[in-house]
Amino acid sequence: MEIKTIGVVGAGQMGNGIAQVAAQTGYNVVMTDITDELAQKGLGAIEKFLTKSVSKGKISEDDKSAVLSRIEATGDINAHKKCDVIIEAATENIDLKKKIFQQLDELAKPEAILATNTSSISITLLAAATKRPNKVVGMHFMNPVPIMKLVELIRGLPTDDESFALIKELSEKMGKTTTVSADYPGFIVNRILMPMINEAFYTLMEGIGKPEDIDTGLKLGCNHPMGPLALADLIGLDTCLSIMNVLHSGLGDAKYRPCPLLVKHVEAGWLGRKCGRGVYSY
Ligand code: NAD
């Protein structure tokens with residue numbers, strides 16, 4: 001199958017990053033969100049990123065215009081009817097994603113492949129919400145998408161070889177290196193990363209260190225490019241909590257219980273960089 005048009009569901013930080021990289025690779029892109037305004041906000045973020053790239057001399061003004069002209073941003077999910085591959089990147093919530101997969105399955109071309117950027121939710125479960133479970137694949141990009149090289153690929157129990165190979169090839173065309181993970185909660189990256197971030201919240205809650213001490217400790221002591229609390233703010237604390245809940249319920253081990261201080265931040269609406277306040281203020 002030749003891929004011409006890629007759909008992206010969700011125009012948040014991951015969705016707009018995926019849409020940008022797909023358009024920069026030369027694909028036509030349809031990016032949707034719940035409303036036209038949210039979709040346009042995502043397009044605005046792409047424009048801002050590209051403007052910075054022009055000012056740094058990385059791309060030309062013509063390149064920027066060409067990329068933007070390939071992206072349609074809308075609140076209408078039906079715009080995905082013309083897509084060959086649809087990548088779901090909406091909020092990390094099982095019921096929401098199941099509903100989106102049901103909708104996409106009903107409206108998409110029969111041969112279209114449905115991928116998901118979920119950080120932790122079962123690909124097999126989302127596949128079972130559709131009548132094309134063999135054509136559902138996990139395609140886990142990292143944040144920020146235009147910069148991070150990895151795409152973690154996950155095959156659900158019913159995913160067929162052809163769909164998996166096509167998503168692998170697409171990821172590589174988009175300039176990414178792929179790894180393969182089995183379909184278990186958190187896959188590989190978040191199975192290891194999220195318990196570390198959660199433990200950083202316990203360290204903070206128990207008064208063992210201030211945020212700056214915890215982050216500097218891991219940056220300079222372990223050579224991490226960012227401290228775990230600053231990284232949590234970048235990922236989004238709501239996303240971190242959802243992933244911990246999936247690890248906790250899916251693996252059933254008390255070691256994955258979400259830190260109450262992480263829960264409190266989410267209750268307060270302190271979700272990180274995307275809303276101006278998380279562990280730190282922005
Ligand atoms: P975000 O909060 O920035 O964006 C989510 C977007 O989804 C919002 O714009 C929201 O309006 C939209 N949305 C909600 N319901 C929708 C619907 N029914 N239809 C269309 N759009 C809808 O979150 P994000 O960080 O972009 O995360 C999106 C997905 O990517 C999640 O599954 C998350 O686990 C995954 N992910 C996140 C990161 C990260 O570092 N943040 C990394 C890898 C994967």
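Side chains are part of it too, since the values below use all heavy atoms of this structure and drop only hydrogens, waters and symmetry mates. Start at 1 and go down the list; that is how both ligands and their atoms are numbered.
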Minimum heavy-atom separation for [X] and [Y], please, with both atom names.
{"X": "Ala108", "Y": "Arg132", "result": "O-NH2, 3.3 Å"}
{"X": "Gly156", "Y": "Ile123", "result": "N-CG2, 3.9 Å"}
{"X": "Asn16", "Y": "Met31", "result": "CA-SD, 3.8 Å"}

Do the side-chain N and O atoms of [X] and [Y] include a donor-acceptor pair separated by under 3.5 angstrom?
{"X": "Asp63", "Y": "Ser60", "value": "yes"}
{"X": "Asp233", "Y": "Tyr282", "value": "yes"}
{"X": "Thr118", "Y": "Glu92", "value": "yes"}

Quick check: [X] and ligand 1, any N/O pair under 3.5 Å apart?
{"X": "Ala90", "answer": "yes"}
{"X": "Leu234", "answer": "no"}
{"X": "Thr118", "answer": "no"}
{"X": "Lys97", "answer": "yes"}
{"X": "Phe141", "answer": "no"}

Ligand 1-proximal atoms of [X], by part, heavy-atom distance under 4.0 Å:
{"X": "Thr239", "result": "side chain"}
{"X": "Ile121", "result": "neither"}
{"X": "Leu96", "result": "side chain"}
{"X": "Met142", "result": "neither"}
{"X": "Lys274", "result": "side chain"}
{"X": "Asp33", "result": "both"}

**Presence of salt bridge, Asp33 and Lys41, under 4.0 angstrom** = no
**Message:** Quick check on Glu88 - does any of its heavy atoms sit under 4.0 Å from an atom of ligand 1?
**Reply:** no
**Message:** Could you work out, with ring-ring contact (aromatic ring centres under 6.0 Å, His included) as the rule, every residue matching His80, not counting sequence neighbours?
**Reply:**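 With sequence neighbours excluded, His80 shows a ring-ring contact (aromatic ring centres under 6.0 Å, His included) to no residue whatsoever.
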**Item:** For Glu106, all residues meeting salt bridge (Lys or Arg N to Asp or Glu O under 4.0 Å), sequence neighbours excluded
**Value:** none
Option set [options], criterion heavy-atom distance to [atom], minimum:
{"atom": "atom 16 (C) of ligand 1", "options": "Ile34, Asn93, Thr32", "result": "Ile34"}
{"atom": "atom 35 (C) of ligand 1", "options": "Ser119, Gly10, Pro144, Ser242", "result": "Ser119"}
{"atom": "atom 28 (C) of ligand 1", "options": "Ala89, Ala232, Gly236", "result": "Ala89"}

Within the 4.0 Å heavy-atom shell around [X], which atoms of ligand 1 are there?
{"X": "His140", "value": "43 (C), 44 (C)"}
{"X": "Leu38", "value": "11 (O)"}
{"X": "Gly12", "value": "3 (O), 4 (O), 6 (C), 9 (O), 26 (O)"}
{"X": "Asn143", "value": "39 (C), 40 (O), 41 (N)"}
{"X": "Val9", "value": "19 (N), 20 (C)"}

**Request:** Could you point out which residue of Asp183, Leu125, Thr124 forms a side-chain contact (heavy atoms from CB on, under 4.5 Å) with Leu157?
**Result:** Thr124
**Asked** What is the nearest protein non-hydrogen atom to atom 14 (C) of ligand 1, stated with its residue, atom name and distance?
**Response**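 The closest one turns out to be Thr91 OG1, 3.3 Å.
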